[in-house]
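Have a look at the structure below, then the notes.
These figures come from a predicted structure and were not determined experimentally. Start at 1 and go down the list; that is how both ligands and their atoms are numbered.
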Amino acid sequence: MLKPAVLVARAIFPEVLQTLQQHFEVTDNQADVLFDKEQLALSAKGVDGILTTGSERVDAALLAACPGLKICANMAVGYNNFDLAAMTSAGVLATNTPDVLTETTADFGFALILATARRMAEGEHFLRAGLWNRWRYDMFAGAEVHGSTLGILGMGRIGQAVARRGAHGFGMRVIYHNRSRLDAATEASCAARFVSKQDLLQQADHLILVLPYTAESHHAIGASELAQMKPTATLVNIARGGIVDDAALAAALKAGALAAAGLDVFEGEPRVHPDLLALSNVVLTPHIASATIQTRRAMAQLAADNLIGFLLHGKALTPLNGLR
Ligand code: 8YV
């Protein structure tokens, strides 16, 4: 019997690629060439499935160019690179990788909160530049994390994991805002209190963004939201670029309307707004919140298992759209 054909759009763990090769005719991209739209469509022509990452956009044009396509398995929990409506109407299954990255991503979110509040990047740059010649009482004095108010915008799995760290590990008062309020038992398990977005902005000492990027969440944090925050507050974004208006954030940081920011994601990444690069009160990391070897391997394996499950047995593990 002919094996189904699969495109693995980016380099992945060799052992996961080998598993896929046992089941499928695989076109790999271990050279990790970044395909443009045309190259992606060309490479995906005739395949039954694609293992995508956040870098590959699956839209109506790609779907039209690949009429035999049955599934796109995203190696990411976020799926704003998918036009889900177009995929559903083309009868193409979409899958993502929830759960396997929750705790790891929350760890990194917390690391960014700490690094931002405690000015770790600034201190390190200062030391490396050879500027450290004495102790001083207020040198890189930052904001308290333990016992302060943690604000969480977006309270899905990762938001809840951040809340648990804040409440149980750092004795923080945790408040959150989300499209829908959590049930009482879940709220109690992460000791978090639902508040309006306005209260969240006004009360948080440290605000972390953990919501999906959609048309609705585009620039959810812009100039007017930043203006409502405490001038001593910090902002951390581990969700998606585009949720924050990066130009407005840079302006607020420059004006002292906000103390500091920790950013793992950027509008138009891998480009970073030059005004952010020019600031010292920002911690900038290259979209690595899920990046531990174990977690990235689990994400790749889950994406592969979704391809195997669906193309060989008719059932994916973590589908995003119902097809029939
Ligand atoms: C991915 C992420 O590594 O899962 C997500 O949504 O942002 C990251 O964990 C990235 O999207 C590449 O696929």
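The aromatic rings of His218 and Tyr213 sit tilted relative to each other, their planes meeting at an angle between 30° and 60°.
For residues 90-118, the ring-ring contact (aromatic ring centres under 6.0 Å, His included) pairs, not counting sequence neighbours, are Phe110-Phe170.
Counting only N and O atoms by type, the side chains of Asn237 and Asp264 include no donor and acceptor under 3.5 Å apart. For Thr104 and Asp107, the side-chain atoms include no donor-acceptor pair closer than 3.5 Å.
Taking OH of Tyr79 as the reference point, atom OG1 of Thr214 lies at 9.5 Å (rounded to 0.5 Å). From Leu284, atom CG reaches atom NE2 of His273 across 12.5 Å, with rounding to the nearest 0.5 Å.
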Give one line per pair: atom of ligand 1, protein atom, distance. Only N/O to N/O under 3.5 Å.
residue, atom, partner, partner atom, Å
ligand 1, 3 (O), Ser290, OG, 3.4
ligand 1, 3 (O), Arg296, NH2, 3.3
ligand 1, 4 (O), Val77, N, 2.8
ligand 1, 6 (O), Val77, N, 3.4
ligand 1, 6 (O), Gly78, N, 2.8
ligand 1, 6 (O), Arg240, NH2, 2.7
ligand 1, 7 (O), Arg240, NH1, 2.8
ligand 1, 7 (O), Arg240, NH2, 3.4
ligand 1, 7 (O), His287, NE2, 2.6
ligand 1, 9 (O), Ser290, OG, 2.7
ligand 1, 13 (O), Gly54, N, 3.0
ligand 1, 13 (O), Met75, O, 2.9

